[in-house]
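Here the structure is a predicted model, which is why all the values come from computation and not from measurement. Proteins come first, then strands; the chains are lettered A, B, ... in the order of their sequence lines, and each starts at number 1.
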There are 2 protein chains.
Amino acid sequence: MYVTIMRQKKTSPANNVTVLERLRTAGLRPTRQRLALAKLMFARGHRHVSAEQLFNEAKSSRVDVSLATVYNALHDFTAKGLLREISIDSSSSYFDTNTGSHHHFYFERSGHLEDIAAERVNIASLPEAPGGAEISRVDVIIRVKA
Amino acid sequence: MYVTIMRQKKTSPANNVTVLERLRTAGLRPTRQRLALAKLMFARGHRHVSAEQLFNEAKSSRVDVSLATVYNALHDFTAKGLLREISIDSSSSYFDTNTGSHHHFYFERSGHLEDIAAERVNIASLPEAPGGAEISRVDVIIRVKA
DNA sequence: TCTATCATTAGAATTGTTCTAAACTGCTTG
DNA sequence: CAAGCAGTTTAGAACAATTCTAATGATAGA
């Protein structure tokens, strides 16, 4: 049941507006929780965040959301193209705020991910998808021993 | 505890010998279970198999192994270079009997994987790994809407 | 303001995988 | 070729990430 009505500190109004509009134009109701989570996700440049991580950030920021809501929000955002999901290490998946075309370094020791701009990977040729199926995207993952 | 001593049908002796030798040269004791699992894995060309799948195949073939053993064997084989592990869809991981350099089509609807020979993907240029770290491998996954 | 519809919640349930400690076996040695 | 030890296997418990459930709450449009 609902226990606490959070009363979070307002960040800059500009930030509020953009996040709110991103949700609205994506066709997502800008609820308190989605707004708060979206702000955490999109506040600082591109990131690779797991559900658990975002949940913890929310707790630290006194944003009172349940873990289920974090999963719901991340999936809703992904379905609407605001995020992109990546699963590299089968133990958990990451949500990437960079939805443009790009690739990744994966640091095997730490499990850390780092973006590679699309231009830095030059793919000269790719095979056709079998049966002329449509390609939805091409992921290049460079696994690094570090 | 040990319940049944399985008594499996012998397949061709040649097949037996090669699998046994593959295990031995890999530095793995060719136990009954490992032999049986290796035969299932390597019998028919290249495959992408999950632990659960292999476990079920074993059951169907009256090979009495525990699920834990299947996981142990798959990981042991992978550690010794007999298999390669792939995680694409974070729900479970696959073990690929093709350990050579190659890439994959991933059929999003079915979750199915298909090999792409390394030559069919032409990467003209790749970035250096940060800090000069060693690249352990490059995975290209072509996601297909089918 | 009312209300249908959509979102959130706590906790239970599921799923894939790993752990544990005890039973067992392949292999080397004597 | 028996014995024993190191490496394997096992059932089931434990775990971690994620999804489900069904009840409560909030949003947006009339």
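A donor-acceptor contact under 3.5 angstrom links the side chains of A/Asp115 and A/His48, judged on distance only. Side-chain contact annotation: B/Asp139 with B/His104, donor-acceptor N/O pair under 3.5 Å absent. For the residue pair B/Ser92 and B/Glu52, no side-chain donor N or O sits within less than 3.5 Å of a side-chain acceptor on the partner.
The phosphate of C/dT9 (OP1 or OP2) has a side-chain N or O of A/Gln33 nearer than 4.0 angstrom. Contact check, B/Ser93 against C/dG16: no side-chain N or O comes under 4.0 Å of OP1 or OP2. At the phosphate of D/dT10, OP1 or OP2 sits under 4.0 Å from a side-chain N or O atom of B/Thr69. Side-chain N/O atoms of B/Tyr71 include one lying less than 4.0 angstrom from OP1 or OP2 on C/dT17. Note on B/Arg24: a side-chain N or O is less than 4.0 Å away from OP1 or OP2 of C/dC27. Listed pair B/Ser92 / C/dT15 fails the phosphate criterion, with no side-chain N or O lying under 4.0 Å from OP1 or OP2. Residue A/Ser50 has no polar side-chain atom (N or O) positioned under 4.0 Å from OP1 or OP2 of D/dA17.
Taken over five-pair windows at either terminus, the axes of the helix from C/dT1-D/dA30 to C/dG30-D/dC1 are inclined to one another by 20° (rounded to 10 degrees).
Rounded to whole angstrom, the span from the CZ atom of B/Phe77 across to the C1' atom of D/dT8 amounts to 12 Å. For the pair A/Phe95 CZ and D/dT18 C1', the computed distance is 10 Å after rounding to whole Å. At whole-Å resolution of the value, CZ in A/Phe55 and P in C/dG11 are 11 Å apart. Straight-line distance from the CG atom of A/Leu23 to the P atom of C/dA7: 11 Å, rounded to whole Å. Taking atom CD of residue B/Glu85 and atom P of nucleotide C/dG16, one finds them 15 Å apart after rounding to whole Å. In this structure, the CG atom of A/Asp76 is 11 Å from the C1' atom of C/dT8, given to the nearest Å. If you take CG of B/Leu54 and C1' of D/dT9, they are 15 Å apart, rounded to a whole angstrom. Whole-Å rounding puts the B/Leu37 CG to D/dT8 P distance at 14 Å.
Two residues, A/Leu28 and B/Ser91, neighbour DNA chain C, and the one matched to the more 5' nucleotide by heavy-atom proximity is A/Leu28. Comparing B/Pro30 and A/Asn72 along DNA chain C, the residue whose closest nucleotide (by nearest heavy atom) sits nearer the 5' end is A/Asn72.
Distance from the side chain of B/Ala68 is smallest for C/dC19 among the nucleotides D/dT18, C/dT18, C/dC19. Comparing D/dT18, D/dT19, D/dA26 by their closest approach to the side chain of A/His75 singles out D/dT19.
Residue-to-nucleotide contacts include no donor-acceptor pair under 3.5 Å from the side chain of A/Arg29 to the base of C/dT8.
Residues A/Phe105 and A/His112 place their aromatic rings such that the two centres sit no closer than 6.0 Å.
With B/Arg120 contributing its side chain and B/His103 its backbone, the two residues share no donor-acceptor pair below 3.5 Å.
Closest heavy-atom contact between A/Arg84 and A/Ser101: NH1-CA, 4.4 Å.
Counting only heavy atoms from C-beta outward, the side chains of B/Val138 and A/Ile141 never approach each other to under 4.5 Å.
Connection of A/Val63 to A/Leu35 is established within a shared hydrophobic cluster, with ILVMFWY side chains joined at heavy-atom distances below 4.5 Å, either directly or through further cluster members.
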